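Below: one structure, written as structure tokens.
Each chain gets a letter, A, B and so on, in the order the sequences are listed, and its residues count up from 1. Side chains included, hydrogens not; waters and symmetry mates left out as well; all remaining heavy atoms used. Note that the coordinates shown come from a computational prediction; the quantities given were computed from them, not determined experimentally.
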Number of protein chains: 2
Amino acid sequence: MFISLDLQSESPIYLQLRNKIIEGIASKQLKPGDPLPSVRNLAKDLGVNMHTINKAYQLLKTDGFIQIHRQKGVVINPDGFPEVTADFVEKIKEELRPMLAEAICRGMTQEEVRRLCDNLYKEIAEGGAAE
Amino acid sequence: MFISLDLQSESPIYLQLRNKIIEGIASKQLKPGDPLPSVRNLAKDLGVNMHTINKAYQLLKTDGFIQIHRQKGVVINPDGFPEVTADFVEKIKEELRPMLAEAICRGMTQEEVRRLCDNLYKEIAEGGAAE
DNA sequence: TAACTGTTCTATAATTAATATAACAGATAT
DNA sequence: ATATCTGTTATATTAATTATAGAACAGTTA
């Protein structure tokens, strides 16, 4: 999978990387069991520091999206992915709230919001756009 | 309108405040022309620094949600609010993308996402929850 | 005149993000 | 065995962001 980072973004590099991999899983470009590059190799490829890669990997490991075998390497979790927990729903709602509030202020209808989400959902699932 | 901040949150205070005011507008607790407290008074009420309040106000002014009259004070923009611009749609999509991707990884269906958004939209518009 | 507005300036402290080296333990290939 | 690769850990430094503090300014308003 090809990964591009925006070094000018206000979003931290390690978070961008974490999100790109999540998107890779969502679009099935990355499947359970697939290997990921070593922290050093990916760091070299992307032109960033090893620890930045490691930070992203640690996040993904903690959340259960990848497994890290100490000497074998890193793989997309072969045992499946975390469920839709109450914590996750709470997190997504609190992140979504400010966006939705601004959308309402700007006059977006519920129908328009629904269409935007629907389209984005499909776009992600098909691995499209922003690449 | 009553405003509460979470000083333990990882989200900056000035952003929390900016978002609370946006949510106040979305729920019509704050209407065009309504006055907002002076930076000094609000700072005292919330127990934070004047400059932190000012930073939030400047954001809201730049985006067109409030007007700041140099000696009169701060009011919710009486001339209406910004439109749904292409920039805004782009911004909301890029913020939404990682959340939706993770939701997909966790097995949320499009229908479940739609329900979550619908419910949150209504909740915000009615000024409910998280208060 | 006194008290209030937003604004601007300078300064400081704490935290976060990213980088740079270096070393370690364990596995693997030559 | 030796060299090379894995993730991990430790220390250190730099830069940017966040929040605070105090002071001053220009222009109302009471």
Pair [X], [Y]: side-chain N/O donor-acceptor within cut-off below 3.5 Å:
| X | Y | value |
| --- | --- | --- |
| Glu111(B) | Thr109(B) | no |
| Gln110(B) | Asp118(A) | yes |
| Asp79(B) | Gln67(B) | yes |

Does the ring of Phe81(A) carry Arg106(B) above it, NZ/CZ under 6.0 angstrom from centre and within 45° of its axis?
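Ring-cation test returns no.
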Lys91(B) vs Glu102(A), salt bridge (Lys or Arg N to Asp or Glu O under 4.0 Å): CA-CA, chis, key distance, verdict:
CA-CA 11 Å; Lys91(B) 189 190 84 172; Glu102(A) 181 167 354; 3.3 Å; yes
Please report the distance, rounded to the nearest Å, between [atom1] in [X] and [atom2] in [N].
| X | N | atom1 | atom2 | answer |
| --- | --- | --- | --- | --- |
| Gln8(A) | dA17(C) | CD | P | 18 Å |
| Leu15(A) | dT16(C) | CG | C1' | 12 Å |
| Glu10(A) | dA18(C) | CD | C1' | 17 Å |
| His69(A) | dC5(D) | NE2 | C1' | 17 Å |
| Ile13(B) | dT16(C) | CD1 | P | 13 Å |
| Lys61(A) | dG7(D) | NZ | C1' | 9 Å |
| Leu60(A) | dG7(D) | CG | P | 14 Å |
| Lys44(A) | dG7(D) | NZ | P | 13 Å |

Rounded to the nearest 0.5 Å, what's the gap from CD1 on Ile53(A) to OG on Ser38(A)? Could you check?
9.5 Å
Tabulated below should be each protein N or O lying under 3.5 Å from an N or O of nucleotides 24-30 of chain C; please produce it.
residue: dG26(C); atom: O4'; partner: Gln71(A); partner atom: NE2; Å: 3.4

Check each residue of residues 48-56 of chain A for a non-hydrogen atom within less than 4.0 Å of any atom in DNA chain C, then write out the ones that pass by number, or none.
Val48(A), Asn49(A), Met50(A), His51(A), Thr52(A), Lys55(A)
For side-chain contact (heavy atoms from CB on, under 4.5 Å), just list the numbers for Lys55(B) and Leu15(B), CA-CA rounded to whole Å, side-chain angles, deciding distance to a tenth of an Å, and then say yes or no.
CA-CA 9 Å; Lys55(B) 193 164 178 178; Leu15(B) 247 190; over 6 Å; no
Answer yes or no: is there a side-chain heavy-atom contact under 4.5 Å between Ile76(A) and Phe65(A)?
no
Just the dot-bracket of DNA chain D, please: which string comes out with Watson-Crick or G-U pairs under 3.5 Å, [ ] for crossing, | for another strand?
|||||.|||||||||||||||||||.||||
Pick base, sugar-phosphate or nothing for Gln58(B), based on heavy-atom distances below 4.0 Å to the nucleic acid.
sugar-phosphate
May I ask you to say what Tyr14(B) touches in the nucleic acid, namely base, sugar-phosphate or nothing, with a heavy-atom cut-off under 4.0 Å?
sugar-phosphate
Might you work through the side-chain contact (heavy atoms from CB on, under 4.5 Å) test for Asn54(A) and Tyr14(A), ending with a clear yes or no?
CA-CA 8 Å; Asn54(A) 191 243; Tyr14(A) 75 95; over 6 Å; no
In terms of heavy-atom contacts, does CD of Glu112(A) have more than 12 from other residues, nucleotides or ligands at under 6.0 Å?
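More than 12 within 6.0 Å, yes.
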Does Lys93(B) pair with Glu90(B) as a salt bridge, N-O distance under 4.0 Å?
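Result for this pair is no, no salt bridge flagged.
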